[in-house]
Amino acid sequence: MPSDNQITIVGNLTDDPELRYTANGAAVANFRVAYSTRIRDAAGNWTDGDTSFFTVNCWRSLAENAAETLTRGTRVVVTGRLKQRSWENQEGEKRTVVEIEADDLGPSLRWATASVTKTSRSSSASSGGDWGAAVAAPVGAATDSEETPLDAG
């Protein structure tokens, strides 16, 4: 989904995604992603720099898939939009937070592998429709033919 404030981050989940449902039945998952910069010192050694933490919110089928798939420590790629929220706490103080509303996310494949399984959920406009029957398709798996999707008819 195009947006003026598009952001992509890569980091590790600090905890398992927390899945909840709103009063009207929409799924929402929240989790935090941590990212530490790597710094090379004068001797040429790499060390961890400051760590940044980002709160990520996912909705509907993306939320359900995140909760089923991701766990603490998983390295993820998150693409979404920055969103600012403000509220007043019990002491009457104003609070503001900037979070990421995820449009898409997945495990980082730089140091891991993943097996992709299409989900089958009831068809609705809010969930993105029915993907059909569940089909396991391991990422990078060898096939019987050397044909690529671009070679096919």
Side-chain angles (χ1 to χ4, degrees), residues 1-41 45-141 149-150:
M1 175 178 287
S3 178
D4 291 338
N5 64 1
Q6 197 74 22
I7 185 171
T8 299
I9 64 167
V10 178
N12 294 49
L13 266 66
T14 62
D15 215 343
D16 292 343
E18 178 185 333
L19 180 64
R20 297 184 324 266
Y21 291 88
T22 64
N24 64 0
V28 59
N30 311 95
F31 55 89
R32 290 180 54 83
V33 175
Y35 169 75
S36 297
T37 56
R38 298 285 289 166
I39 302 167
R40 183 174 263 176
D41 62 19
N45 299 317
W46 288 99
T47 59
D48 284 334
D50 294 332
T51 301
S52 298
F53 296 89
F54 303 93
T55 299
V56 179
N57 302 313
C58 304
W59 291 90
R60 299 171 186 78
S61 62
L62 183 60
E64 292 173 331
N65 292 344
E68 289 176 24
T69 306
L70 305 175
T71 58
R72 178 182 180 189
T74 302
R75 187 147 183 94
V76 294
V77 179
V78 179
T79 303
R81 296 162 280 121
L82 294 175
K83 185 172 183 181
Q84 180 175 314
R85 243 180 351 110
S86 298
W87 72 94
E88 199 171 291
N89 68 12
Q90 292 178 343
E91 291 79 34
E93 300 168 326
K94 284 215 172 243
R95 299 289 184 196
T96 301
V97 66
V98 176
E99 299 171 322
I100 299 172
E101 291 284 326
D103 291 326
D104 208 351
L105 68 106
S108 172
L109 300 180
R110 179 169 274 178
W111 291 289
T113 61
S115 294
V116 177
T117 304
K118 290 186 177 183
T119 57
S120 177
R121 292 199 171 82
S122 62
S123 180
S124 72
S126 65
S127 69
D130 187 3
W131 285 62
V135 177
V139 175
L150 297 176

Roughly how far apart are Q6 CD and I100 CD1, rounded to 0.5 Å? 10.5 Å

Are F31 and T74 side-chain neighbours, meaning at least one heavy-atom pair lies under 4.5 Å? no

In terms of heavy-atom contacts, A34 and T14 come closest through CB-CG2, 3.7 Å

Are R81 and D103 ion-paired here, with the side-chain N under 4.0 Å from a carboxylate O? yes

So R38 and D48, do their side chains get closer than 4.5 Å, heavy atoms only? yes

The single option from D104, I9, L13 that satisfies side-chain contact (heavy atoms from CB on, under 4.5 Å) with V78 is I9

Interatomic distance, W59 atom CH2 to N30 atom CG [nearest 0.5 angstrom]: 8.0 Å

D16 side chain vs T71 backbone, donor-acceptor pair below 3.5 Å: no

Taking only residues two or more places apart in sequence or in another chain, which ones pass salt bridge (Lys or Arg N to Asp or Glu O under 4.0 Å) with D50? none

Measure the spacing between CG of N65 and CZ of R60 and express it to the nearest 0.5 Å. 13.5 Å

OG1-NZ distance between T55 and K83, expressed to the nearest 0.5 angstrom: 13.5 Å

Once salt bridge (Lys or Arg N to Asp or Glu O under 4.0 Å) is applied, do any residues pair with R40, and if so which ones, sequence neighbours excluded? none

Here the pair of heavy atoms bringing L19 nearest to A27 is CD1-CB, 4.1 Å

For V97 and Q84, run side-chain contact (heavy atoms from CB on, under 4.5 Å): C-alpha distance rounded to whole Å, both residues' side-chain angles, the deciding distance at 0.1 Å, then the answer. CA-CA 6 Å; V97 66; Q84 180 175 314; over 6 Å; no

Closest heavy-atom contact between C58 and L105? SG-CD2, 3.3 Å

Interatomic distance, CZ@R75 vs CG@L109, rounded to 0.5 Å, equals 12.0 Å

Rounded distance (nearest 0.5 Å) linking atom CZ of R32 with atom CZ of R72: 13.0 Å

Please find the pair of heavy atoms, one from A67 and one from P17, that lie closest to each other, and give the distance. CA-CB, 4.1 Å

Side-chain touch V76/V56, heavy atoms, less than 4.5 angstrom: no

Minimum heavy-atom separation for I39 and G49, please, with both atom names. CD1-CA, 3.6 Å

Please check if atom CD in Q90 has more than 12 non-hydrogen atoms from other residues, nucleotides or ligands closer than 6.0 Å. no

